[in-house]
Amino acid sequence: MAQITLIEAVTQALAYEMAHDESVVVLGEDVGVNGGVFRATQGLQEKFGELRVLDTPLDETTIAGVTVGMAAQGMKPVAEAQFEGFIYPMMEQIACHAARLRNRTRGRITVPAVWRAPWGGGIRAPEHHSEANEHLFTNIPGLRVVMPSSPARAYGLLLAAIRDPDPVMFFEPKRIYRQYKEEVPDDGEALPLDVCFVLRDGTDVTIVTWGAQVKEALEAADALAEEGISAEVIDVATLTPLDFDTIAESVQKTGRCVIVHEAPKTAGFGAEIAARVAEECLYELLAPVERVTGYDTHIPLFRLEMKYLPSTERVVEAAKRTLANS
C-alpha cells in the first residue's frame with residue numbers, strides 16, 4: 001500500500017466518491033483544467049469529464065449559490081474556495097440558505113453539500129491566503145464544521161462529509177498538505193463525524209486541538225513525556241457538533257486542560273470549549289484552563305508568521321503552568 005500526503009488523500013476521496021456516486025460533482029475556480037491551486041482535484045476532470053468537474057468564474061458568491069441549488073435538487077456538490085480567506089462572499093448563501101433549508105422546509109429539502117477550503121497559515125502567503133476563521137461557522141446552526149489533521153483522517157472524514165445529508169464546511173490545513181505521508185487504503189471506508197479522536201493517552205494534562213496544530217500538540221506531548229509529564233492529546237476533528245463527552249472524560253481524568261488553535265484568541269472556538277469545561281468539569285479541574293492560540297490581529301507576513309502560529313514550546317509552557325498552578 002502506497003503512502004500518500006494529506007492533499008493526495010483529498011484527491012483520492014473525491015475520486016472514490018465520484019466513481020461510486022454519479023450525483024457527486026466538483027466545482028470551483030481552476031478545479032478542472034489546472035486541478036486546483038494546490039492540485040487537490042488534479043486529474044479528476046480528465047477522468048470524470050467537464051460536466052462533473054466544473055471550472056467556474058472567479059465569483060465565490062455564485063459558486064456558493066449554485067452549490068446550494070444543486071444540493072437542494074438532489075446532487076452532491078463539493079465546492080472549493082481556493083483559500084479560506086476567500087470564503088467570506090460565500091457566507092450569505094451558506095448561512096442564510098444552506099444551513100436553513102432543512103429547518104425552513106420542515107425536512108422536505110436538504111442540502112448535502114460540502115465546501116472545501118485550504119485553511120490556515122504557514123506557507124509564506126499573504127494574510128487573505130492564510131486565515132483561520134473556522135469559528136465564524138461554528139455558531140451557525142445547521143452546519144457541520146470538520147477539519148482533518150492527517151492523510152487518513154482527511155480521506156475518511158471527506159468521504160463522510162460528502163455522504164452527509166446536511167451541509168459541511170471542510171477545512172484543510174494547507175501547512176500539512178504535503179508535510180508527511182501515511183498509508184491510506186482506498187477502500188471507501190468513512191470515519192465517523194461528530195467524534196473526537198484520542199491520539200495519545202495521558203494522565204496529567206489534556207491537550208485539545210484540531211487541524212495543523214495536532215502536530216505541535218503531539219510534539220509537546222513527547223517533550224513533556226521526557227520530563228515525566230503524561231499528556232493526553234485529543235483531535236477534535238468535527239468542531240460542530242462537538243463531541244464534548246470525550247473531552248470531558250479526559251479532563252475529569254487529568255484535571256487539567258490546554259486548548260490549542262491557530263485562530264485569534266478572542267471568541268475563537270477554544271473559548272467555547274473552555275466555557276464548557278468550566279461549566280461541566282469545574283469540580284474536577286486542578287488548575288485554570290489554558291489557551292494557546294493565534295493573536296488578536298491579522299496573521300503577519302512570512303517573516304513573523306511562525307511567531308504568530310502556536311508553537312510546540314508555547315504548548316509545553318502552557319501545560320507546565322497547569323501543573324504549577326495545581
Side-chain angles (χ1 to χ4, degrees), residues 25-31 36-38 40 54 56-73 75-105 109-121 125-148 157-158 161-162 164-174 193 210-211 236 238-242 261-272 293-294 296-299:
V25 297
V26 171
L27 68 155
E29 299 164 1
D30 298 323
V31 299
V37 67
F38 291 99
L54 310 171
T56 67
L58 304 180
D59 184 351
E60 283 80 10
T61 301
T62 297
I63 295 169
V66 168
T67 299
V68 174
M70 285 180 168
Q73 296 304 311
M75 302 182 77
K76 295 180 181 177
V78 182
E80 179 182 293
Q82 279 194 336
F83 293 88
E84 200 265 353
F86 295 178
I87 211 165
Y88 301 112
M90 295 181 166
M91 290 186 69
E92 194 274 337
Q93 294 289 343
I94 294 170
C96 294
H97 301 291
R100 297 171 185 264
L101 269 177
R102 176 185 284 278
N103 183 70
R104 184 180 293 155
T105 65
I109 298 176
T110 60
V111 182
V114 178
W115 280 269
R116 295 180 41 251
W119 168 98
E127 87 284 350
H128 242 340
H129 302 70
S130 303
E131 297 192 20
N133 286 329
E134 68 276 10
H135 54 290
L136 298 180
F137 295 91
T138 59
N139 197 36
I140 300 174
L143 287 183
R144 274 188 168 82
V145 179
V146 178
M147 193 179 305
L157 291 172
L158 183 53
I162 297 171
D164 194 273
D166 292 302
V168 178
M169 307 304 301
F170 195 84
F171 295 117
E172 300 164 7
K174 54 186 177 288
L193 299 172
W210 52 91
V236 174
T238 302
L239 280 70
T240 51
L242 176 65
H261 64 73
E262 186 171 322
K265 185 173 186 177
T266 300
F269 191 65
E272 170 62 21
T293 72
D296 290 338
T297 181
H298 300 294
I299 188 168

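All heavy atoms count here, side chains included; hydrogens, waters and symmetry mates do not.
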Worksheet item: How many angstroms lie between CZ in F170 and CD1 in I162, if you round to the nearest 0.5 Å?
Response: 8.0 Å

Worksheet item: What do the steps show when you test W119 against M147 for side chain to side chain contact (heavy atoms under 4.5 Å, CB included), and what is the final call?
Response: CA-CA 9 Å; W119 168 98; M147 193 179 305; 3.5 Å; yes

Discussion item. Is the shortest side-chain heavy-atom distance between L242 and V236 below 4.5 Å?
Written reply: yes

Practice prompt. Starting at CD1 of I109, measure out to CZ of R100 and round the result to the nearest 0.5 Å.
Written response: 15.5 Å

Item to complete: Look at the rings of F171 and F137 and say which category their plane angle falls in: under 30° parallel, 30 to 60° tilted, over 60° perpendicular.
Response: tilted

Worksheet item: Excluding sequence neighbours, so at least two apart, what forms side chain to side chain donor-acceptor pair (under 3.5 Å) with T297?
Response: none

Worksheet item: With side chains defined as the heavy atoms from C-beta onward, is the minimum distance between L54 and V31 less than 4.5 Å?
Response: no

Discussion item. Side chains of R144 and P241, heavy atoms from C-beta outward: is any pair under 4.5 Å?
Written reply: yes

Item to complete: Taking all heavy atoms of G142 and all of P167, pick out the closest pair and write down the distance.
Response: O-CG, 3.4 Å

Item to complete: Give, for atom CD of Q93 and atom OG1 of T62, the distance between the pair rounded to the nearest 0.5 Å.
Response: 8.5 Å

Practice prompt. Can you see which heavy atom on H135 is nearest to which on P264, and at what distance?
Written response: CE1-CD, 4.4 Å

Practice prompt. Quick one: closest heavy-atom pair of A132 and G120, and the distance?
Written response: CB-CA, 4.4 Å

Item to complete: Mind checking the NE2-NE2 spacing from H298 to H128? Nearest 0.5 Å is all I need.
Response: 9.0 Å

Worksheet item: Between atom CZ of F83 and atom CD of E29, what is the distance when rounded to the nearest 0.5 Å?
Response: 10.5 Å

Fill in: Heavy-atom neighbours of D296 CG exceed 12 at 6.0 Å
yes

Worksheet item: What is the distance from atom CD of E262 to atom CH2 of W210, rounded to the nearest 0.5 Å?
Response: 11.0 Å

Discussion item. Donor-acceptor check, side chain of K174 to backbone of H129, threshold 3.5 angstrom: yes or no?
Written reply: yes

Discussion item. Is any side-chain heavy atom of L27 closer than 4.5 Å to one of I63?
Written reply: yes

Worksheet item: Are R116 and V78 side-chain neighbours, meaning at least one heavy-atom pair lies under 4.5 Å?
Response: yes

Discussion item. Has E172 got a side-chain atom pairing as donor or acceptor with P148's backbone, closer than 3.5 angstrom?
Written reply: no

Worksheet item: Do H97 and R104 have side-chain heavy atoms sitting under 4.5 Å apart?
Response: yes

Worksheet item: If you look at every heavy atom in A40 and E80, which pair is closest and at what distance?
Response: CB-OE1, 4.5 Å

Worksheet item: Which pair of heavy atoms, one from V114 and one from A161, lies closest together, and at what distance?
Response: CG2-O, 3.4 Å

Fill in: T138 and E272, any side-chain heavy atoms less than 4.5 Å apart
no

Fill in: Validation row: L101, V68 side chains within 4.5 angstrom (heavy atoms)
yes

Worksheet item: Which heavy atom in I87 sits nearest to a heavy atom in M169, and how many Å separate them?
Response: CD1-CE, 3.5 Å

